[in-house]
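Lettering follows sequence order; numbering is per chain, from 1.
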Amino acid sequence: MNSSVATTHHGPASGLSRWLYTTNHKDIGTLYLWFSFVMFLTGGCMALLIRAELFQPGLQLIQPEFFNQMTTMHGLIMVFGAVMPAFVGLANWMIPMMVGAPDMALPRMNNWSFWILPFAFSMMLSTLFMEGGAPNFGWTFYAPLSTTYAPPSVTFFIFAVHMMGISSIMGAINIIATILNLRAPGMNMMKLPLFVWTWLITAFLLIAVMPVLAGVVTMMLMDIHFGTSFFNAAGGGDPVLFQHVFWFFGHPEVYIMILPAFGIVSEIIPTFARKKLFGYPSMVYATASIAFLSFIVWAHHMFTVGMPLVGEVFFMFATMLIAVPTGVKVFNWVATMFRGSLTFETPMLFALAFVVLFTIGGFSGLMLAIAPADFQYHDTYFVVAHFHYVLVPGAVFAIMAGAYYWLPKWCGNYYSETMGKVHFWCSFIGVNITFFPMHFIGLAGMPRRIPDYALQFADFNAVATVGAFIFGFSQLIFLYNVLHCIRKGRKASDEVWEGSHGLEWTLPSPAPYHSFSEAPQIK
Amino acid sequence: MEKLLLGVSGLFLFSGRAHADWTVNLTKGVTEISREIYDLHMVIFWICVVIGFIVFGVMLWSVVYHRKSRGAKAHNFHESLVVEIAWTVVPFIILIAMAVPATATLIKMYDNTEADLDIQVTGYQWKWRYQYLAEDIDFFSSLSTPREQINNTQEKSTDYLLEVDNPLVIPVGKKVRFLLTANDVIHSWWVPEFAVKKDAIPGFINEAWVIVDKPGVYRGQCAELCGKDHGFMPIVVEVKSQEDYEQWLAEFKKADALKSQAAEKSWNLADLMATGEQVYSKACLACHQANGEGVPSIFPALKNSAVALGDEALHIDVVLNGVSGTAMQAFKDQLSAVELAAVITYERNAWGNKTGDIVTPAQIAELKK
Ligand SMILES: [Cu+2]
Ligand SMILES: [Cu+2]
């Protein structure tokens, strides 16, 4: 995004070194965003390969061994390579501008937290070419499948996870430091834009759980290479322990991927409803409650491992409870729209689709929380439908919405609204064709992570595959639109949107290389 | 857009009711628990539908009537404590109302008291082992769909991927308790019609039970990713009336006795090779591959392998007792003496491994004792 740079007294270096050595929050944000888009396409290709194999019963394109590698890599890449870096990219770009700061609080660390990622993911992807193949035990890598029975490449996977974890933790520290220390005078906590609030809370979640992930992969490493038996029953270890530790990280991780999305949507809806966000304080409290609850629900992923009855009941109640603050958020968004003056530019379309489709994902989540019913849903396509609803039209749509919303501020030009709308409708239709039928095949009894299936699941699988290709290829429209916007879009005004609100819109478009050299005053 | 969604969820409801055999919905199943779970599922589903209608309805209303192009002016309200409290408390109450029956069902499911029949279910990569604890019955159950169907060179049968060589057989109307564990990685034993899904975990014994009220054949699959052939380890349960069940027991024991007699007759190389090939494709091919070349770094080749060409005793030991801490399982209890002798002989003479050795069933029978 070269054109996003207005050369001030000291602008960016030129050439490759600008990107390698940069400590500028906008450059680093841009790097994160492009990185995540590349990962999104990579993980997307894997998803399409999976869907293509599942188009019909029987094995056509790939063998089970490779199929498992694809499901594993798809999950890992989308979670750690696409969604998380995209949010960090948005945070880098927007948080300093939103709180009235010149840059992130720890710019050099910022550079490092980004540049670790390409190495981590090169290492991860290189496993595909190793003897024995890439990790094939699912993105949840349950032991002992991922330890005693894993391919040799698991060691590289462990180191890649360590590197991603370090990157995330450093990113989170930076965000917290920026928000707590660099706010403009008068910007007190209860005036922070919601995107900043949700990220602040997300950053604390990251710091709390990434070390747990690091711990669990280290225990795996010890089991594999140093003769320990944390997860090996034959040596007196406990395979279920793995799941407890993993999901203690894993469930908050789910909220790490959705809270910033809540923040983005809470910025966009008021802009295009031309009305203040309804219930700002309750939005903040709801986010905090969700974050707190996210630590005490992990075992809802493990209802079938044979927990004692009290455990089941506790985790069922706690999980159902999360529906309350989540509901509050949805109700507040709807109340913001109610009696507003709505227009439907691309960011708003994505935000509205987010509200509806995320809520559908929330509904299936509520169903999954009912422990006895979960005995039927668990590990079926119903779960696959559920988490893809919250992650694709949830997190990914919110990222798209945010990208369209802020793109004119970043590069000083509008994207093409027509192309944006085409992209939206193709994605919207594609996503639903892909994932809605998965509810049906899941309820009808199709387990997840299988390369081939019984005949009664054939029709819906074929439909889902068609949807996946529609969704996948429509992302190229997005790519084209962004490139077009950077190079020759229509000049954007400083406010960009009629109903825009917040400090970032007081800066010129494109935003200058250093955001606020002098702190703005907040009334 | 909301219209579309409502349409889609409407379709969900409609198809759920009108074409019950189109299977877009959960099965009601054939046990008391499975029906209760089905009811819970439907109740929570309808709660979601109602909330969805209200929320999406208001949204749709705003999208249609409060759009700027219609001249809508933004109103300036953005706070209301009463409303916030209301939409916190009401969902909370609904959830409690839902949690009560769910907990009741859960308590019933956890009633693992005395059963009429105990069966130990052990997950292996990629087959199930069933041991009837009170009877002397112990057998393995694995996929019987031919490879040709999976590779699309043969037409697929109706029960494609949901058929096994030896189904589990249980009596109708009796409380059958399953004790689940695993030999290698975690598996999960799932029969949707019983609403039983329980993980089979190495080193643990999990419990689950059923009382099935209708004789019939019920099919399920392993639900936990357990490696390469996770998609190919189905479960078939035949539920029989008490008389039929007892008859099956008797026949099973008779067949078992015949098998051990077979070990006593003398076998020549050709016969062993023929049987061995069958056993190999059933029990070993998934890992060591049809051509005996294995999968690099994961499953070793048997073609030209030091073990298959070297000392017979070592080869026999590997196959009978497995290699602990690897995917190579112990086949001692999985295969009969004849099958073991045949498959070992086969490995020592197939794919150009021309040792000419014969491992006899009698030799193995001796070791199995
Ligand atoms: Cu969770
Ligand atoms: Cu499995």
Side-chain angles (χ1 to χ4, degrees), chain A residues 57-59 64-65 131-132 138 142 144-145 148-149 151-152 233 239 274-276 278-279 282 304-306 309 312-313 317 320 323-324 327-328 330-331 334 337-343 356 363 366-367 370-373 375-376 378-379 436 440 443-445 447 449-452 454-456, chain B residues 2 5 8 23-26 37 40-41 44 48 55-56 58-59 62 66-68 72-75 78 84 87-88 91-92 95 99 102-103 105-106 109-110 150-152 156 160-162 185-186 188 192 195 197-199 201-203 206 221 223-225 227-229 231 296-298 325 327:
Chain A
L59 296 177
E65 183 56 37
E131 222 185 39
Y142 280 7
L145 188 61
T148 319
Y149 296 83
R274 293 167 181 74
K275 195 162 155 265
K276 251 179 108 168
F278 190 86
S282 76
T304 62
V305 298
L309 181 61
E312 301 266 328
V313 172
F317 287 177
M320 292 171 82
V324 175
V328 168
V330 174
F331 300 143
V334 174
M337 291 169 61
F338 192 68
R339 309 204 116 193
S341 170
L342 299 160
T343 52
V356 174
F363 285 151
L366 187 55
M367 296 172 75
I370 309 293
F375 278 84
Q376 292 285 45
H378 179 69
D379 267 341
F436 211 82
F440 301 149
L443 292 177
R449 292 168 168 165
I450 57 175
D452 192 6
L455 301 179
Q456 72 258 36
Chain B
E2 288 76 18
L5 272 160
V8 176
T23 43
V24 293
N25 201 356
L26 204 59
I37 288 179
L40 284 172
H41 159 74
I44 188 79
C48 291
V55 173
F56 301 151
V58 176
M59 228 177 130
S62 315
H66 305 152
R67 50 169 67 214
K68 197 183 169 208
K73 291 263 171 321
H75 287 235
H78 58 83
E84 299 284 354
W87 64 38
T88 309
F92 190 76
L95 290 179
T103 308
T105 303
L106 209 52
M109 293 170 80
Y110 267 73
I150 296 171
N151 294 330
N152 310 304
K156 298 182 175 32
Y160 177 67
L161 297 188
L162 296 179
V185 299
I186 302 178
S188 187
K197 184 187 282 141
K198 234 347 159 1
D199 293 357
I201 305 172
N206 272 333
Q221 277 174 277
E224 181 64 60
L225 178 63
K228 179 169 136 322
D229 279 354
S297 289
I298 308 182

### B:Asp199 CG to A:Thr304 OG1 distance, which is reported to the nearest 0.5 Å
3.5 Å

### Query
Does A:Ser282 offer a backbone N or O that forms a donor-acceptor pair with the side chain of B:Glu84 under 3.5 Å?
no

### Message
Could you check whether any side-chain heavy atom of B:Met109 comes within less than 4.5 Å of a side-chain heavy atom of A:Leu309, counting everything from C-beta outward?
### Response
no

## Note on the structure
In this structure, CE of B:Met59 is separated from CE of A:Met337 (nearest 0.5 Å) by 4.5 Å

### Task
Report yes or no: does B:Asn152 contribute a side-chain atom to a donor-acceptor pair with the main-chain N or O of A:Leu59 at less than 3.5 Å?
yes

### Message
To the closest 0.5 Å, what do you measure between CE (A:Met367) and CG (B:Leu40)?
### Response
10.5 Å

### Summary
Looking only at B:Ile37, B:Leu106, B:Thr88, B:Thr103, most heavy-atom pairs under 4.5 Å shared with chain A are made by B:Leu106

### Task
Identify the heavy atoms of A:Leu342 and B:Ser62 that sit nearest to each other, and give their distance.
CD1-O, 3.2 Å

### Query
For the residue pair B:Gln221 and A:Gly445, what are the closest heavy atoms and their distance?
OE1-O, 4.1 Å

### Task
Could you pull out the closest heavy-atom pair between A:Leu145 and B:Leu225, with the gap in Å?
CD2-O, 3.6 Å

### Query
Does A:Thr343 offer a backbone N or O that forms a donor-acceptor pair with the side chain of B:Lys68 under 3.5 Å?
no

## Note on the structure
From the list B:Asp229, B:Ile298, B:Asn151, the residue making the most non-hydrogen contacts under 4.5 Å with chain A is B:Ile298

#### Entry: Interface residue of largest heavy-atom contact number with chain B, from A:Leu366, A:Leu455, A:Ile450, under 4.5 Å
A:Leu455

### Query
Pick from A:Pro451, A:Gly138, A:Pro64, A:Ala371: which one has the most heavy-atom pairs with chain B under 4.5 Å?
A:Pro64

### Query
Taking all atoms of both residues into account, what is the closest heavy-atom pair of A:Ala454 and B:Leu162, and its distance?
CB-CD1, 3.6 Å

### Summary
Bottom line for B:Ile150: the part with an atom under 4.5 Å from chain A's heavy atoms is both

### Query
Between the main-chain N or O of B:Ala72 and the side-chain N or O of A:Ser341, is there a donor-acceptor pair closer than 3.5 Å?
yes

### Message
Heavy-atom pairs under 4.5 Å with chain B - which of A:Gly132, A:Pro151, A:Ala233 has more of them than the others?
### Response
A:Gly132

### Query
Side chain, backbone, both or neither: which part of B:Lys73 has a heavy atom under 4.5 Å from chain A?
backbone

### Segment of A:Phe331 engaging chain B (4.5 angstrom heavy-atom cut-off)
both

## Note on the structure
The interface call for A:Ile370 against chain B, heavy-atom contacts under 4.5 Å, is side chain

### Query
Is the count of non-hydrogen atoms from other residues, nucleotides or ligands lying under 6.0 Å from B:Lys156 atom NZ greater than 12?
yes

### Query
Would you say the side-chain atoms of B:Asn206 pair up with the backbone N or O of A:Val305, donor to acceptor, closer than 3.5 Å?
yes

### Query
Closest approach of B:Pro202 and A:Pro239, non-hydrogen atoms and distance?
O-CG, 3.6 Å

#### Entry: A:Phe278 backbone acceptor or donor facing B:His78 side chain under 3.5 Å
no

### Query
Using non-hydrogen atoms only, which part of B:Tyr160 is less than 4.5 Å away from chain A: side chain, backbone, both, or neither?
both

### Query
Looking at A:Arg274, A:Lys275, A:Glu65, which makes the most heavy-atom pairs under 4.5 Å with chain B?
A:Lys275

### Query
Can you tell which of A:Thr148, A:Val330, A:Val328, A:Val313 has the highest number of heavy-atom pairs within less than 4.5 Å of chain B?
A:Val328

### Query
Does one side chain, of B:Glu224 or A:Tyr142, offer a donor that lies under 3.5 Å from an acceptor on the other?
no

### Message
Any heavy-atom pair between the side chains of B:Leu161 and A:Asp452 that's under 4.5 Å?
### Response
yes

### Toward chain B, the part of A:Phe317 with a non-hydrogen atom under 4.5 Å
side chain

### Message
Run the side chain to side chain contact (heavy atoms under 4.5 Å, CB included) test on B:His75 and A:Phe338 for me, step by step, so that the C-alpha distance in whole Å, both residues' side-chain angles and the decisive distance to 0.1 Å come before the verdict.
### Response
CA-CA 9 Å; B:His75 287 235; A:Phe338 192 68; over 6 Å; no

### Query
Among A:Pro447, A:Pro372, A:Ala373, who wins on heavy-atom pairs under 4.5 Å with chain B?
A:Pro372

### Message
Tell me whether B:Tyr110 at atom OH has more than 12 heavy atoms from other residues, nucleotides or ligands lying less than 6.0 Å away.
### Response
yes

